[in-house]
Amino acid sequence: MSTLHQSTIWEISDSDSEGGVEAKGFFQGDRSAKDVLVPPPPDEDGRPSPTRKRRSKEEIEADKQKARKRREAREESRAAKEQEKQEKRKELQRRKEAAQHLNSLKPENFLKTLTVCIDPALLQQQGSDILLGTLSSFEWRYSIQPQALPNSITWTKDLPELDEDGAGPVAEDQLVQVLGPSEFLDTVICVKKMIDNEGEEPAADSAHGLFKLGCNRDAVKVATVLVTESQPDYKKHAYALDETIQSKYGGENVDIEEVLVYLQLHKNIAVLFVDGWQEVTDHVCAVTKSLSKRPYKLLTEQPEQLPFCVDGSWASGVRVEKDGSGLKRVWSKQIQQLNRVSQATASCVTAAYQSPQLLLQAYEALSSEEDKKKLLADLVVKGEGRERRVGPDISTRVYRCLTAQNPELVLD
């Protein structure tokens, strides 16, 4: 059976080929498709599809520019989001550090950073084991190391931010010196000589230990001298102490009160007489607790440091808004500041006279001084299921508080 080859011939007539060119073409099934010239397919309307227009260099460059701008915009958006994430992480870290710092300043936590530094010479005194036993029972940190001032006790605090830089512990401004009766007498005599010399500091070789460190005008320490009384007569009978000082001072009259006042006012040194080491221990514990509370207390006095605290709420104050709301409560609080004036009594007065100006006008309308003092006496105070009057005493004190010209006047 012979193979039948099909062929297709296009002929161009003379009338169609104006140029005198005759073209013939044929297609055979056994030839490859790449040798076939296929016209573009028609569109839906049956019209031939136009050929694709070749883009110019300007159009290609414009498309590249658009693509580059879109890519840069995506990169900028990605960078902005990453920057926002970093800022959020930094803000969270800052808040975490601020919360940790605030928590470390609380008294129960700050107390753990304090160290009570005790001079070894104090351990030679009888009863000093009471101090060490008390500090150990409270689990407070203490160290036994020589102090610049003999027989003294100081405090140091550890600050984490300074420890990283190698600064070490920071010394507190409190200093306690424990003296016996004889040592205290030497101190009194030394101070008396300085008073007689019109404040001239004693020589370095003859000065008492207290003057070498704390007894000067530029002292940074708040010093307290605890005088332990091994002999009760020194505390119970002051004349015995005076006689002892006079005998050492050459028979001249020495006023101990004068020495104590001079130390307090001019040298910022307080002198306390204690019966023994139990009272010394109580004083040391009181100072330690006070130092632990001081950082947080100072922080609460700065409202910008604790923005979550309502202004004045922690101090039982009253906040006054810009529109004036709260002034009536301030007026009531002012009356409550007087002795023996309850909240119910103050509310009764402010209900009758809603501002200080109205009460002052009522005082001016009265002619006699006695009527002014009794103006509020008959106001009825309601509270706790019974009624009572304000009374002449409170009425008189309110009148004096608002009208007195003497700042030293005692209201009661």
Side-chain angles (χ1 to χ4, degrees), residues 98-99 102-103 105-108 110 222 261 264-265 270 286-287 289-412:
L102 180 62
N103 187 53
L105 294 182
K106 292 183 178 180
E108 61 273 13
F110 191 79
V222 180
V261 170
Q264 180 69 53
L265 297 181
V287 173
K289 290 182 179 180
S290 177
L291 291 176
S292 68
K293 296 178 181 179
R294 182 164 60 179
Y296 194 80
K297 183 178 180 180
L298 293 176
L299 191 63
T300 56
E301 294 176 355
Q302 304 174 5
E304 66 278 3
Q305 298 295 334
L306 294 178
F308 55 85
C309 291
V310 181
D311 294 342
S313 61
W314 55 272
S316 299
V318 177
R319 183 172 181 173
V320 179
E321 303 294 343
K322 294 182 179 180
D323 58 355
S325 59
L327 288 174
K328 188 174 182 180
R329 292 182 59 194
V330 173
W331 170 222
S332 178
K333 288 287 185 179
Q334 288 177 340
I335 299 177
Q336 291 182 54
Q337 291 178 355
L338 300 176
N339 293 335
R340 302 183 302 278
V341 176
S342 63
Q343 182 179 0
T345 303
S347 300
C348 174
V349 175
T350 56
Y353 303 94
Q354 298 186 2
S355 68
Q357 185 65 28
L358 294 178
L359 184 55
L360 290 175
Q361 292 176 359
Y363 284 140
E364 293 175 357
L366 299 176
S367 57
S368 65
E369 190 76 9
E370 193 67 22
D371 293 339
K372 295 179 181 180
K373 292 181 179 180
K374 296 181 179 180
L375 176 63
L376 306 176
D378 294 332
L379 295 179
V380 179
V381 180
K382 298 180 180 180
E384 299 181 357
R386 61 187 182 89
E387 296 182 356
R388 56 185 177 84
R389 297 187 308 123
V390 172
D393 176 61
I394 296 179
S395 179
T396 301
R397 283 191 283 128
V398 172
Y399 170 71
R400 290 177 178 174
C401 179
L402 295 178
T403 60
Q405 301 295 327
N406 181 13
E408 304 296 334
L409 177 64
V410 179
L411 300 179
D412 288 337

Report yes if the side chains of [X] and [Y] come closer than 4.5 Å at any heavy-atom pair, otherwise no.
{"X": "L338", "Y": "C401", "result": "yes"}
{"X": "Y296", "Y": "N103", "result": "no"}
{"X": "D393", "Y": "R340", "result": "yes"}
{"X": "L360", "Y": "T403", "result": "yes"}

[atom1] of [X] to [atom2] of [Y]: how many Å apart, nearest 0.5 Å?
{"X": "R400", "Y": "N406", "atom1": "CZ", "atom2": "CG", "result": "11.5 Å"}
{"X": "K293", "Y": "E108", "atom1": "NZ", "atom2": "CD", "result": "10.5 Å"}
{"X": "K297", "Y": "L105", "atom1": "NZ", "atom2": "CG", "result": "15.0 Å"}
{"X": "C348", "Y": "R388", "atom1": "SG", "atom2": "CZ", "result": "9.0 Å"}

At their closest point, which heavy atom of [X] faces which heavy atom of [Y], and how far apart are they?
{"X": "L291", "Y": "P295", "answer": "O-CD, 3.2 Å"}
{"X": "V390", "Y": "S395", "answer": "CG1-N, 4.3 Å"}
{"X": "V349", "Y": "L376", "answer": "CG1-CD1, 4.1 Å"}

Open item on the list: Could you check whether any side-chain N or O of R397 sits under 3.5 Å from a backbone N or O of N339, counting only pairs where one atom can act as donor and the other as acceptor?
Closed with: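 Checking the backbone N and O of N339 against the side chain of R397, a donor-acceptor pair under 3.5 Å is found.
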TODO: Taking W331 for its side chain and Y353 for its backbone only, find out whether a donor-acceptor pair lies under 3.5 Å.
DONE: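 Side chain of W331 to backbone of Y353: a pair is present.
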TODO: Answer yes if the ring centres of Y399 and Y363 are under 6.0 angstrom apart, and no otherwise.
DONE: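 Judged by ring-centre distance (under 6.0 Å), Y399 and Y363 do meet the cut-off.
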- [ ] Would you tell me whether S342 and T345 have side-chain atoms, one donor and one acceptor, within less than 3.5 Å of each other?
- [x]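 Per modelled atom types, S342 and T345 side chains form a pair under 3.5 Å.
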Task: Pair listing, salt bridge (charged side-chain N to carboxylate O under 4.0 Å, His left out) test, anchored in residues 372-381, at least two apart - done: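 Checked against salt bridge (charged side-chain N to carboxylate O under 4.0 Å, His left out) - neighbours excluded - the pairs reaching residues 372-381 are E370-K374, D378-R389.
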- [ ] Might you work through the side chain to side chain contact (heavy atoms under 4.5 Å, CB included) test for L359 and L375, ending with a clear yes or no?
- [x] CA-CA 9 Å; L359 184 55; L375 176 63; 3.9 Å; yes
Task: Q336, CD: over 12 other non-hydrogen atoms inside 6.0 angstrom - done: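 Check passes, neighbour count above 12.
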